[in-house]
Number of protein chains: 2
Amino acid sequence: MARWEPNARGRLEDAALDLFTERGYDKTTIAEIAQRAGLTERTFFRHFADKREVLFSGSAHLHDVLVGAVAEAPADAPPLTVVATALERVGSLFEERRSYARRRQAAINANGELLERELVKLAGLAEALDAALRARGTAEGPASVAAETGIALFRSAFTSWIAADDTAGLSEHIRAAFTSLHSLAVASSAK
Amino acid sequence: MARWEPNARGRLEDAALDLFTERGYDKTTIAEIAQRAGLTERTFFRHFADKREVLFSGSAHLHDVLVGAVAEAPADAPPLTVVATALERVGSLFEERRSYARRRQAAINANGELLERELVKLAGLAEALDAALRARGTAEGPASVAAETGIALFRSAFTSWIAADDTAGLSEHIRAAFTSLHSLAVASSAK
DNA sequence: CGTCTTGATGTCAGGGACTGACATCGCCTA
DNA sequence: TAGGCGATGTCAGTCCCTGACATCAAGACG
């Protein structure tokens, strides 16, 4: 239990997910998480802003990848296509990690507070998408709609990927969601 | 300060919004809210599950209206059209209340926890929309996409309505958002 | 080799959200 | 008019989270 064991943050994350899985989020105290990681409750709060955040440190990375992908898209690509491509790139980060994603998502789905935090993170991604689109010249209205719509589809695709037992990757589920939207939009226009 | 003053719940809501506006959400304690309403902290928690919830009791009503509107839509209407119509009906509930909506939204936007809660409420509406669509025969995938997309557009429209200084109602902003989506989808298909 | 700086960690005290258990009050009904 | 009963009050306690200050290990530097 020496003071300077490496990777304190990672140890806290692992301990937290383990405990949340074992006995549930609200029956786990921060003192317990810290203890399992060989640390103190106070130290937990130096690494994470609050108890929920311990499951969401990865979202900053997604954020960066998403913004980068939008910036690199061809200048003449339409907004929704740019969004779709960027989200597929993000989706590819999850390949090979479906079982971890399931574990984490199960913990999140089992608790309202964690669900709240996840939605906030997704909304943050939507805002970043919006800003990235406008930075490349997309008008305000379309950028906002494309960003919000894209994240909505991402959520839908992520859920179906988690639930599915197939060999398709998250990226493919994302592509399918966008295809589905096109059909709906066309059907609605034709009405 | 008699015990049985009427409308305890409403008094708590008013006191809370006033205090949040005056001094901010996290500098307001529940004891203060309760005191201004002539009640006790413990009673606050009998009316609201937590501190955030005091600003969101109206969302249950939106939920009902939304589900009702979907159920009443013509059987042959395409999903996204049903969603648009239902959201416009919800939008009409807000006419005449833009100034209250602004006050409340300002308080929410000023605080991360309240933003979280709002997102959760919207996600709940999306889920309800999804279920209502499937109840009338829409297939699972399209129902989910239409519901998520619809709520995304609602958010976008609500924001622009709050910000706008025009005479257009929320319903009209919603209609505009759906029109915008159609354009985007067509442009993306044509790519 | 010893000291100093620095960042991560520990310790302590305390406020505020939230809960469970139990008491009290006022309206309603038999 | 005595209960029944729902809404409120009181009290004690747990846990989340924070600020202030002390301590420790590692590298910098003389």
Side-chain angles (χ1 to χ4, degrees), chain A residues 1-57 107-108 110-118 120-121, chain B residues 1-57 107-108 110-118 120-121:
Chain A
M1 219 54 65
R3 241 188 186 185
W4 306 107
E5 296 279 340
N7 195 23
R9 187 188 190 86
R11 270 153 47 214
L12 285 168
E13 289 173 350
D14 291 344
L17 183 51
D18 285 350
L19 286 168
F20 294 169
T21 302
E22 284 174 24
R23 74 180 76 158
Y25 174 82
D26 24 310
K27 294 196 174 168
T28 302
T29 72
I30 292 184
E32 291 166 341
I33 297 171
Q35 185 179 18
R36 180 172 296 205
L39 293 164
T40 307
E41 183 175 352
R42 191 66 185 85
T43 297
F44 178 97
F45 285 106
R46 292 210 178 84
H47 286 277
F48 306 101
D50 58 46
K51 186 179 174 184
R52 283 138 253 151
E53 201 65 13
V54 71
L55 285 188
F56 294 92
S57 73
I108 292 174
N111 181 272
E113 295 178 41
L114 291 174
L115 264 172
E116 276 189 334
R117 180 54 50 85
E118 175 169 73
V120 168
K121 293 299 182 181
Chain B
M1 218 55 64
R3 241 190 186 184
W4 308 105
E5 296 279 340
N7 195 23
R9 188 188 188 87
R11 269 152 50 215
L12 285 167
E13 289 173 350
D14 292 344
L17 182 52
D18 285 350
L19 286 168
F20 294 169
T21 302
E22 285 173 22
R23 75 180 74 160
Y25 174 82
D26 24 312
K27 293 193 175 169
T28 302
T29 72
I30 291 183
E32 290 166 342
I33 297 171
Q35 185 180 16
R36 179 172 295 206
L39 293 165
T40 308
E41 183 175 351
R42 191 65 184 88
T43 297
F44 178 97
F45 285 107
R46 291 211 179 83
H47 286 279
F48 306 101
D50 58 46
K51 186 179 176 186
R52 284 136 253 152
E53 200 66 12
V54 72
L55 285 188
F56 295 93
S57 72
I108 291 174
N111 182 272
E113 295 177 43
L114 292 174
L115 266 172
E116 276 190 334
R117 180 54 50 86
E118 175 169 74
V120 168
K121 294 298 182 182

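Lettering follows sequence order; numbering is per chain, from 1.
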Q.
Closest approach to the side chain of B/F45, judged atom by atom: which nucleotide of C/dG10, D/dC17, C/dT19 is it?
A. C/dT19
(Q) Measure NZ/B/K51 against C1'/C/dG16 and give the value in whole Å, please. (A) 8 Å
Q | Heavy-atom closest contact (A/A8 atom, A/L39 atom, distance) | A | CB-CD1, 3.7 Å
Q. A/T28 versus A/I33: any side-chain heavy-atom pair under 4.5 Å?
A. yes
Q | Between P of C/dG16 and OH of B/Y25, the distance in whole Å | A | 14 Å
Q.
Over all strands shown, is B/R52 touching base, sugar-phosphate only, or nothing at heavy-atom distances under 4.0 angstrom?
A. sugar-phosphate
Q: Assign A/A8 to base, sugar-phosphate, or nothing according to its heavy-atom contacts below 4.0 angstrom with the strands shown.
A: sugar-phosphate
Q.
Rounded to whole Å, please give me the gap between CZ in B/R23 and P in C/dG16.
A. 11 Å
Q.
What contact category does B/T29 fall into here, base, sugar-phosphate, or nothing, at under 4.0 angstrom with non-hydrogen atoms?
A. sugar-phosphate
**Q.** Below 4.0 Å: OP1/OP2 of C/dG10 and any side-chain N or O of A/T40
**A.** yes
Q) Tell me: NE2 of B/H47 to P of C/dC18, nearest whole Å? A) 16 Å
Q.
In this structure, how many angstroms lie between the C1' atom of D/dC15 and the CG atom of A/D50, rounded?
A. 14 Å
(Q) Check this for me: does the side-chain of A/R46 come within 3.5 Å of the base of C/dG10 through a donor and an acceptor? (A) yes
Q: Output the single nucleotide from C/dC18, D/dC17, C/dT9 whose closest atom is nearest the side chain of A/E41.
A: D/dC17
(Q) Quick one, B/V54 and B/F20 - any side-chain contact, counting heavy atoms below 4.5 Å? (A) yes
Q: Please report, rounded to the nearest Å, how far the P atom of C/dA17 is from the CD1 atom of B/I33.
A: 8 Å
Q | For A/F56 against A/L114, the heavy-atom pair lying closest together | A | CZ-O, 3.6 Å
Q. Where the side chain of A/R42 is concerned, which of C/dA17, D/dT8, D/dA20 is the nearest nucleotide?
A. D/dA20
**Q.** Strand contacts (DNA chain D) in residues 110-117 of chain B, 4.0 angstrom heavy-atom criterion
**A.** none
Q) Any ion pair linking B/E41 and B/K51 (charged N to carboxylate O, less than 4.0 Å)? A) no
Q) Are any side-chain N or O atoms of B/T29 and backbone N or O atoms of B/E32, one a donor and one an acceptor, separated by less than 3.5 Å? A) yes
**Q.** Length of the CG-P vector between B/D26 and C/dC18, whole Å
**A.** 13 Å
Q | Value in whole Å for how far the P atom of C/dA8 lies from CZ of A/F48 | A | 14 Å
Q) So what does B/A31 hit on the nucleic acid, given a heavy-atom distance under 4.0 Å: a base, only sugar-phosphate, or nothing? A) nothing
Q | Backbone N/O of A/P6 and side chain of A/R11: donor-acceptor pair under 3.5 Å | A | yes
